[in-house]
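Treat the numbers as computed from the prediction; the structure is a model and nothing was measured. Heavy atoms only: backbone and side chains are in, while hydrogens, waters and symmetry mates are out. All chains are named by letter (A, B, ...) in the order of the sequence lines, taking the proteins before the strands, and each is independently numbered beginning at 1.
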Amino acid sequence: MNMEKNTIYSPYKMKIEKITEEAPFVKTFRLKFINDEDAENFSFRTGQFGEYSIFGEGETTFCIASSPTRKGYIECTFRQAGRVTKALANLDEGDIIGFRGPYGNIFPIDEWKGKNLVFIAGGIALPPMRSVIWNCLDLRENFKDITIIYGARSVADLVYKNELKEWEGRSDVNIVTTVDPGGETPEWTGKIGFVPTVLSEIAPSSENTIAIVCGPPIMIKFTFPVLEKLGFTDENVYTTLENRMKCGFGKCGRCNVGKVFVCKDGPVFSLKQLKELPAEY
Amino acid sequence: MEIINKLIDKSSLSALIERLNTSGKQVYAPVTKNGLCDFAKVESVQEIDFDSIATIQSAKSLVFPKVEKLLSYEKTYDDVIVKEVDLTKIPEVIAFAGRPCDAAGFIPLNAIFTSDSVDQIFKTRLDKLSIISISCKKADDFCFCTSVNGSPSNTSGSDILLTEISETTYYAEIITEKGKAILDAYADLFKDSAVVDKTPFVAKIDKQFSTEIINEKLKTLFESDIWDHQAMRCVGCGACAFVCPACGCFDIQDETKGKDGVRHRCWDSCGFKIFTMHTSGHNPREKQAQRWRQRIFHKFSYQPEQQQEFGCVGCGRCSRACPSDMNIAEHLKAIAVK
Amino acid sequence: MEEIKKIAKELLAENKVQLIVGFEKGSANKVRPAFFTKPEEIDQLIYNEYCIHNIALYLKKDICQKANNLAIIANPNVVRSILQLASENQIAEEKIKIIGISFEGKCVGLLDFKAAEEFSKTQPKGIKPEDKALIEKIQAMPLEERFNYWVEAFSPCIKCYACRASCPMCYCGKCNVETNNPQWIPVAPHKYGNLEWHMMRAMHLAGRCINCGECNRSCPVNIPLNILSYMLSDFILDEFDSEAGMNAVFTPALSVYTSVDKENFIK
Ligand code: SF4
Ligand code: SF4
Ligand code: SF4
Ligand code: SF4
Ligand code: FES
């Protein structure tokens with residue numbers, strides 16, 4: 001039986017099983033449920049997020065960065081910024097944190113069966129993408145070509161370096177990594193240039209293709225027009241929104257964009273849905 | 001449930017309050033202290049202010065207090081013990097002598113806290129609350145319940161509604177099962193009655209606009225300059241949201257002392273700049289005009305569309321409390337004719 | 001009133017200012033802050049005995065910050081706020097025209113900072129007699145009783161921050177209660193969270209509060225928080241011979257040292 005929670009605010013207790021340093025100030029935690037029953041009964045789908053807490057510091061919101069196909073644990077990747085993330089960054093393997101979730105909607109990967117996928121990510125926005133990328137790779141036969149375009153400010157800022165290598169080594173993935181001009185090192189063999197520019201160079205076909213875009217607002221802003229030029233329709237472009245959150249389930253009132261709550265009705269939106277919302281995000 | 005019509009003598013209220021108290025229920029009613037009228041715990045009818053038009057703060061704190069525990073925790077050397085809220089400890093409460101708008105306010109508040117997912121703390125508090133309201137004999141310039149589907153003798157939200165029909169007598173409408181439970185427990189205090197037309201006994205409040213018109217107008221007003229114009233003098237505090245019976249926004253905060261700590265929630269407001277501010281400093285609602293727009297849209301567009309309830313009951317509390325005299329009814333009227 | 005309107009109208013008509021901050025009729029018998037940009041709008045401007053609000057508050061808000069120059073209908077509290085803001089380098093003399101009005105409601109015409117200083121000195125302190133009485137009552141209390149008095153007085157606070165939002169001197173872009181790294185002041189409005197917030201507020205306004213009472217007027221639950229600031233003002237006048245809102249030049253009581261400071265508080 002799932003540990004029956006008295007209230008929707010009660011977190012699961014999770015143990016930090018593994019910490020990976022991804023980039024300066026960016027870490028990935030692999031978290032395991034302390035209670036076996038919780039682990040068995042817990043399920044989530046790609047795109048969803050949670051509230052991670054350090055007791056005494058508070059809660060903070062990030063996506064679940066691992067794929068639902070990998071059972072028994074969840075992972076999150078975060079950059080140290082505010083009070084809670086700074087405290088999280090000071091934790092060690094074996095320490096205990098709280099987790100509430102999963103919350104929010106999902107990437108509709110069932111609807112993407114038989115299609116080509118183009119993942120376009122910038123900077124620290126790869127984590128939500130990593131979950132859906134692994135999910136699709138673990139169900140590889142469901143999809144046609146898979147292309148990943150990932151860029152960061154500098155080589156040091158690229159996250160998931162090992163996985164990037166792993167994807168590069170796979171013949172069934174077409175991956176392009178890029179760094180902003182000036183961010184390269186002498187050893188850098190990837191591209192140099194901003195993500196939208198690289199995207200227009202590679203020019204993936206929009207025929208039977210879904211594009212998934214995650215990144216800083218400025219990157220997203222310049223990426224959408226490129227996709228449009230390539231012939232992508234708004235229904236076939238997906239992105240995730242980020243807003244300040246507290247509750248995660250549409251009650252605390254701060255994450256809405258127009259009438260939708262990013263926490264409950266998002267965080268995944270098609271460009272079509274996004275265009276129907278007021279530009280207040 | 002069909003409304004049961006009864007009468008109760010004014011002189012019986014004192015027995016009612018006392019017996020409710022002795023039965024272990026906590027009775028909250030409007031009490032005036034230092035010139036301010038607000039809900040407070042009462043043990044006798046003498047403490048109650050029946051005359052005030054509306055309390056400064058709404059009755060919402062009975063189900064959604066300004067600060068409340070969501071859980072507590074104890075840190076040990078290598079573990080954390082999380083203690084959930086004991087919902088069985090939540091007391092039975094009577095909200096007595098509030099106004100119909102107080103009662104109506106619980107409806108949109110309930111929609112926020114229980115639609116989609118259920119906030120058990122809120123729900124338990126509301127389940128354990130019985131609401132005995134009194135129709136309004138007087139109104140002031142800030143009241144506009146009739147413009148937002150309410151009225152000075154509106155029954156919705158109340159379990160029992162009392163209307164003063166003579167010097168000595170209240171007409172009592174028993175509206176819900178909870179109201180009936182009170183009637184059954186204190187049946188000796190009530191007398192039978194026919195249906196009474198309440199109109200002559202309550203305040204007259206002119207309807208200034210309708211919620212439908214506001215909702216319709218808002219469909220095209222998001223980008224209008226009316227928000228800049230209206231919000232010019234708004235100073236961006238939390239007064240309007242905190243006194244509002246229908247505002248449910250909150251913050252979640254941890255506080256630790258030594259090994260022990262509490263995670264609690266406290267009221268928050270879309271009027272504050274930091275309400276939506278990202279850690280990066282980016283703020284989707286950077287200007288006060290955007291925040292004022294959110295207030296109006298949330299109540300008159302988003303809530304009715306998502307939860308089928310308007311988020312305003314026309315009590316006028318926000319306007320009475322506003323330090324810069326932002327009068328919501330006046331602003332809504334301007335929207336209605338825009 | 002006619003004189004005020006005449007000055008205001010001329011300032012706008014002759015393009016001497018882009019904006020005038022004043023009052024208009026409000027709800028019921030209230031008055032409310034209003035902003036005028038065209039001469040013909042001045043017909044809406046009013047000034048009466050209810051115009052006690054400290055509208056100097058808006059000088060640090062977007063609407064005034066965006067204007068190149070402006071005028072303000074200034075009762076003595078507004079004048080003192082402007083002087084205090086000027087002494088803190090928050091407003092430049094070239095930018096603002098002060099239309100001075102005494103506590104009796106008499107218009108004294110346009111004031112430059114020098115004249116404003118003189119005017120400020122001629123006007124009584126804004127503290128009401130009932131406030132004075134309360135101060136005396138509190139001062140007579142033994143220390144522990146006094147502490148408990150304040151704990152109780154602050155406990156109804158709901159942390160709506162209307163007091164802060166209405167105070168011309170609370171202009172910080174990020175208030176200390178909004179910083180959480182570290183968390184200086186508990187966010188929750190419980191007894192001690194309230195006490196800490198109010199102690200912090202009083203300290204940040206010590207020597208800067210011009211005793212207008214706007215914080216108390218704004219407070220929906222009528223907390224006498226202004227009294228604490230008044231008591232501090234008295235103390236600072238006494239100990240440091242410094243009074244907020246009297247001087248357009250920098251005279252901070254708590255951040256300078258002079259050899260004549262009594263330093264009684266150290267003992
Ligand atoms: S409308 Fe009034 S009460 Fe509400 S935030 Fe603005 S100034 Fe404060
Ligand atoms: S918005 Fe104002 S008038 Fe409407 S319910 Fe809230 S406090 Fe009352
Ligand atoms: S009006 Fe603002 S504070 Fe009130 S419930 Fe809506 S979003 Fe929250
Ligand atoms: S205005 Fe009153 S209730 Fe609001 S924060 Fe200030 S003292 Fe507290
Ligand atoms: S995070 Fe609370 S409403 Fe979305």
Side-chain angles (χ1 to χ4, degrees), chain A residues 3-13 15 34 51 53-61 79-87 94-98 100 103 216-217 241-262 264-265 277-281, chain B residues 70-75 78-87 112-122 124 222-223 241 247-256 259 261 263 265 268-270 274-280 282-285 290 293-294 297-298 301-306:
Chain A
M3 262 269 287
E4 209 35 71
K5 303 279 183 219
N6 247 347
T7 80
I8 44 178
Y9 300 95
S10 300
Y12 297 109
K13 279 204 294 183
K15 186 170 253 158
I34 301 243
E51 291 292 332
S53 58
I54 298 201
F55 299 93
E57 301 294 338
E59 296 184 307
T60 184
T61 318
R79 184 200 294 277
Q80 280 186 54
R83 174 182 178 189
V84 185
T85 47
K86 276 188 189 144
D95 285 344
I96 289 172
I97 68 167
R100 296 192 281 124
Y103 299 130
L241 284 185
E242 272 180 28
N243 247 354
R244 184 162 183 192
M245 294 185 189
K246 287 279 178 171
C247 68
F249 36 65
K251 309 219 182 291
C252 76
R254 58 176 47 57
C255 73
N256 71 302
V257 178
K259 67 177 176 185
V260 309
F261 284 112
V262 174
K264 181 164 77 71
D265 307 302
L277 298 177
E280 206 177 51
Y281 42 84
Chain B
L70 296 177
L71 55 88
S72 55
Y73 50 86
E74 186 192 328
K75 298 195 194 189
D78 57 356
D79 200 359
V80 186
I81 300 158
V82 179
K83 290 172 248 174
E84 303 194 273
V85 187
D86 185 353
L87 298 173
I112 292 175
F113 281 102
T114 62
S115 47
D116 273 321
S117 54
V118 174
D119 184 311
Q120 300 90 338
I121 305 176
F122 176 92
T124 311
F222 194 86
E223 302 292 348
C247 277
C249 288
F250 60 85
D251 191 2
I252 300 177
Q253 290 283 339
D254 282 13
E255 265 176 44
T256 314
K259 312 191 290 355
R263 174 164 298 161
R265 74 158 141 229
D268 211 337
S269 165
C270 65
I274 61 160
F275 188 60
T276 48
M277 192 150 90
H278 295 192
T279 317
S280 65
H282 169 69
N283 195 344
R285 296 200 278 265
Q290 294 173 298
R293 176 175 65 190
Q294 161 71 13
F297 264 82
H298 188 230
S301 172
Y302 309 152
Q303 274 182 294
E305 273 161 52
Q306 302 291 60

Go through the atoms of [X] and report whether side chain, backbone, both or neither lie under 4.5 Å from a heavy atom of chain A.
X: B:Gln294; answer: side chain
X: B:Asp116; answer: side chain
X: B:Ser301; answer: neither
X: B:Val80; answer: both
X: B:Glu255; answer: neither
X: B:Ile252; answer: both
X: B:Ser115; answer: backbone
X: B:Ser72; answer: neither
X: B:Phe297; answer: neither

Please rank [options] by heavy-atom pairs under 4.5 Å with chain B and give me the top one.
options: A:Asp95, A:Ile34, A:Asn256, A:Val260; value: A:Asn256
options: A:Met245, A:Glu59, A:Glu57; value: A:Glu59
options: A:Tyr281, A:Tyr9, A:Phe249; value: A:Tyr9
options: A:Ala279, A:Gly82, A:Ser53; value: A:Ser53
options: A:Cys255, A:Ser10, A:Gly250; value: A:Ser10

Margin query: With rounding to the nearest 0.5 angstrom, report the CG to CZ distance, A:Asn243 to B:Arg285.
Written below: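 A:Asn243 CG to B:Arg285 CZ: 8.0 Å, rounded to 0.5 Å.
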**Request:** Report the distance from atom OG1 of A:Thr7 to atom CG of B:Asp86, rounding to the nearest 0.5 Å.
**Result:**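 A:Thr7 OG1 to B:Asp86 CG: 11.5 Å, rounded to 0.5 Å.
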Between [X] and [Y] (side chain of the first, backbone of the second, donor and acceptor by atom type, cut-off under 3.5 Å), is there such a pair?
X: B:Lys75; Y: A:Phe55; value: yes
X: B:Arg265; Y: A:Cys247; value: no
X: A:Arg254; Y: B:Phe250; value: yes
X: B:Tyr73; Y: A:Gly56; value: yes
X: A:Lys251; Y: B:Val118; value: no

Under a 4.5 Å heavy-atom cut-off, does chain B meet the side chain of [X], its backbone, both or neither?
X: A:Glu280; answer: both
X: A:Lys15; answer: neither
X: A:Asp265; answer: side chain

Discussion item. I need the minimum non-hydrogen distance between B:Leu71 and A:Pro11, along with the two atoms involved.
Written reply: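 Where B:Leu71 meets A:Pro11 most closely, the heavy atoms are CD2-CD, 3.5 Å.
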Q) So which heavy atom on B:Cys249 is nearest to which on A:Gly253, and how close? A)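 In this case the closest contact between B:Cys249 and A:Gly253 is SG-CA, 3.7 Å.
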Quick one: which of [options] has the most heavy-atom pairs under 4.5 Å with chain A, could you say?
options: B:Met277, B:Gln306, B:Arg263; value: B:Arg263
options: B:Asp78, B:Val82, B:Val85, B:Asp251; value: B:Asp251
options: B:Gly248, B:Ser117, B:Gly261; value: B:Ser117

What I'd like to find out is whether the side chain of [X] reaches to under 4.5 Å of the side chain of [Y], using heavy atoms alone.
X: B:Gln120; Y: A:Ile8; value: yes
X: A:Pro217; Y: B:His282; value: no
X: A:Pro278; Y: B:Arg293; value: no
X: A:Arg244; Y: B:Asn283; value: no

Should the ring pair B:His298 and A:Phe261 be called parallel, tilted or perpendicular, given that the plane angle runs from 0 to 90° and is split at 30 and 60?
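B:His298 vs A:Phe261 ring planes: perpendicular.
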